[in-house]
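Worksheet: the structure to be examined is printed underneath.
Quick caveat, the model's predicted, so the values are computed rather than measured.
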Amino acid sequence: MPFLFGSGHSLVPLVLSFAVRAHATSTSGAAAWWASTSSTPEELHDNNSKLVGRHGNASSEDSEMTSALGLVEIVGMVLAPLLLVRFYLCFMKPSTGRVRGRRDYERILLLEEGEVSQPQRPKVQQAPIAKAERAEAIRRFRADPWSRLCDCLAAVSGCITACIASVASVPLAAAIRCALGRSAFILDLGGDTALACLLSAHHPTWARLVGFFVALPYLVLACLLWPSVRDKMHAGRPPLDEMPMPECVTGVQVDCILGLLWAFLAIPYLAIADFSMAVKYLLAKPTQAEAMHYMALRRIVGAVGEADFQLPLQLYIWLRLANPRGLLPPLEHDNAVPLWLLALNIASSAYTVFDAYNFTRKFAALQTQDNKQLFWTRMCSLGQGLMPASLLREFELQQKVVVTLNLSHADIQSVAALCLVARKSRVLQSVTFTDCRFLLPFCNSVVDRVACRNALRDLILCPSLRHLEFRGAQLPPEIIDDTVCPSLQKHPSLRAIHLVEPDLRLVQLRNAFADRLE
């Protein structure tokens, strides 16, 4: 960077001199420059005459020089702090050590010394490297100003991300996040209901439309859930495990009668289920995967069935009541509804649409290879074959995850998606499966065994992972010998994996490579 720090016509000393002169000299030069640039030729002539009369026999060349100096002083005052900050950042040493780079070099040293087994590759004749040259190369690694600045910014960004992940892993933060989500759903539903009640006095047509669009998601849900509801009620089970139903209804075996009963009971049943789940899980996530999938499906259907129709209607009502600049015909009762309530409902509907679109796009790409139709089909069967979206978010955003759900309904694609999210996470440090029996069918299957091994390999090779436990069942010995142990020995920081033995004891598989690095 010779233009910035070199001798002669370097930029920093020049700007510093301009900044010093800006405080030492008066502002008459800047004023003269402003007057010269913002005046007409006649006013410029008059101003020059006044300046000549004030300062003696000053010429027009002196005035131009003064205006140029004033411009330079102003530019110097603006640029000097920015350049000083850049100078400081370029030459300051990063506050945190470059742990990743140091571990890479330590691993190279171990490989060169033969302490770690390396894969068999064709030997290439290379000149031996002296220890002094190698030490000098390590010392000069990323020692230039630009690399130091990039390392410093990366360290700051990593520190902020780690702090956010550690806060998100705290139970209180999870409870607050659940409370905000449930409260937003209740306020959205309550705001639309209140709007319909306020409009019913003077604008009954609008009130009926708003009320219909509030009930529309439950009509759509009743149609989408009918195949799953029919199979469950034939087996004597309620449509939702969280909401029981009288045995006189669940015991009906005739599809025609069962369809009529569901048509009459679907809307009140689903509305009560929504309210009860929102209150029951106000501060905690559901304990069953089916409840998680239902709440996610309700959010998507609410966006498609309610917000897509509710949003244009409420925008129209707001324009008619506000009537900006009198563009629309006036209404007799234009103050029937507070405009802030309408604005709040409009913002809530817009956010619902945006959140549902992002949810479908993201999790369909993760679990069904971006096949949205297949994703919708599985969601309508209450998540058969899918991982809960909240569990995927935890693997992506938190440092510590304890999986207590029964994942026996998940297929191998969703398990692979979960492990892939874990491998891509930069903050995940601890994973505990309290019941890993859902992995046993895939480990013992001829078709899914390879995919299961790849999924376990992705999970173990998460770059920031420090702790991993598999409880509840014993993994097959061939999976441990062929996948778990080799993947563990490649990890630079995962020192052990806790597994269950046949006598239900928890044992450790040690990582000799990570122990050497420590």
Side-chain angles (χ1 to χ4, degrees), residues 89 93-108 141-142 146-174 176-177 285 355 358-359 361-367 370 387-403 405 413-433 453-470 483-484 486-498 511 513-515 517-518:
L89 289 177
K93 292 183 179 180
S95 58
T96 58
R98 295 183 288 275
V99 179
R100 189 175 302 170
R102 186 176 72 250
R103 284 182 175 171
D104 291 341
Y105 273 107
E106 289 175 349
R107 183 171 183 176
I108 292 172
F141 175 70
R142 297 186 63 82
W146 177 252
S147 298
R148 287 188 175 185
L149 177 61
C150 294
D151 290 344
C152 180
L153 295 179
V156 172
S157 176
C159 181
I160 294 174
T161 305
C163 290
I164 294 175
S166 64
V167 171
S169 303
V170 177
L172 179 60
I176 293 175
R177 187 167 58 249
K285 64 180 181 180
D355 182 61
N358 280 342
F359 177 88
R361 179 180 57 84
K362 179 178 180 179
F363 293 104
L366 278 175
Q367 304 199 60
D370 207 15
M387 281 286 175
S390 59
L391 183 60
L392 293 172
R393 284 199 183 101
E394 290 178 1
F395 270 71
E396 182 181 8
L397 302 176
Q398 295 186 11
Q399 284 186 346
K400 182 179 180 180
V401 179
V402 179
V403 182
L405 296 172
Q413 293 181 357
S414 60
V415 174
L418 180 68
C419 296
L420 184 61
V421 170
R423 180 165 186 174
K424 291 182 179 180
S425 176
R426 298 298 176 185
V427 297
L428 184 63
Q429 296 184 3
S430 175
V431 178
T432 301
F433 291 94
R453 290 179 175 180
N454 293 335
L456 289 175
R457 188 178 296 110
D458 287 339
L459 175 63
I460 296 172
L461 293 180
C462 173
S464 58
L465 195 62
R466 302 291 184 272
H467 180 80
L468 181 59
E469 287 189 20
F470 293 97
T483 304
V484 176
S487 301
L488 175 63
Q489 300 304 321
K490 296 178 182 178
H491 204 291
S493 56
L494 180 60
R495 303 187 64 179
I497 295 179
H498 301 265
N511 184 1
F513 174 61
D515 291 338
L517 288 183
E518 292 295 337

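When all heavy atoms are compared, the tightest approach of A416 to A455 is CA-CB, 3.9 Å. Annotation for A422 and L459: closest pair CB-CD1, 3.7 Å, computed over non-hydrogen atoms. Shortest non-hydrogen contact noted between V484 and I460 is CA-CD1, 3.8 Å. The two residues R466 and S493 have their closest heavy-atom pair at NH1-OG, 2.8 Å. Nearest heavy-atom pair across E394 and V401 is O-CG2, 3.5 Å. Taking all atoms of both residues into account, the shortest heavy-atom contact from A162 to Q399 is O-NE2, 3.3 Å.
Judged by distance alone, with hydrogens and angles left aside, the side-chain atoms of S169 form a donor-acceptor pair with the main-chain N or O of A165 at under 3.5 Å. Not a single donor-acceptor pair under 3.5 Å links the side chain of Q367 to the backbone N or O of A417. Put simply, the side chain of S425 never gets that close to the backbone of V421: no donor and acceptor are under 3.5 Å apart. The main-chain N or O of L428 is found under 3.5 Å from a side-chain atom of S464 such that the two form a donor-acceptor pair.
Considering only heavy atoms from C-beta on, L392 comes within 4.5 Å of L418 through its side chain. Counting only heavy atoms from C-beta outward, the side chains of K424 and E396 never approach each other to under 4.5 Å. Contact check for L465 versus H491: side-chain heavy atoms found under the 4.5 Å cut-off.
The distance from the NZ atom of K285 to the CG atom of L405 is 5.5 Å, given to the nearest 0.5 Å. Taking CD from Q429 and CG from L468, the interatomic distance works out to 13.5 Å, rounded to the nearest 0.5 Å. One distance of note links CE of M387 with OG of S414; it measures 4.5 Å at 0.5 Å rounding. The CZ atom of R426 sits 9.5 Å away from atom CZ of R423, with the distance rounded to the nearest 0.5 Å.
For the pairing with L456, the side chain to side chain contact (heavy atoms under 4.5 Å, CB included) check across L461, T483, V415 returns one residue only, T483.
Between H498 and H467, the two ring planes are tilted [angle within 30° to 60°].
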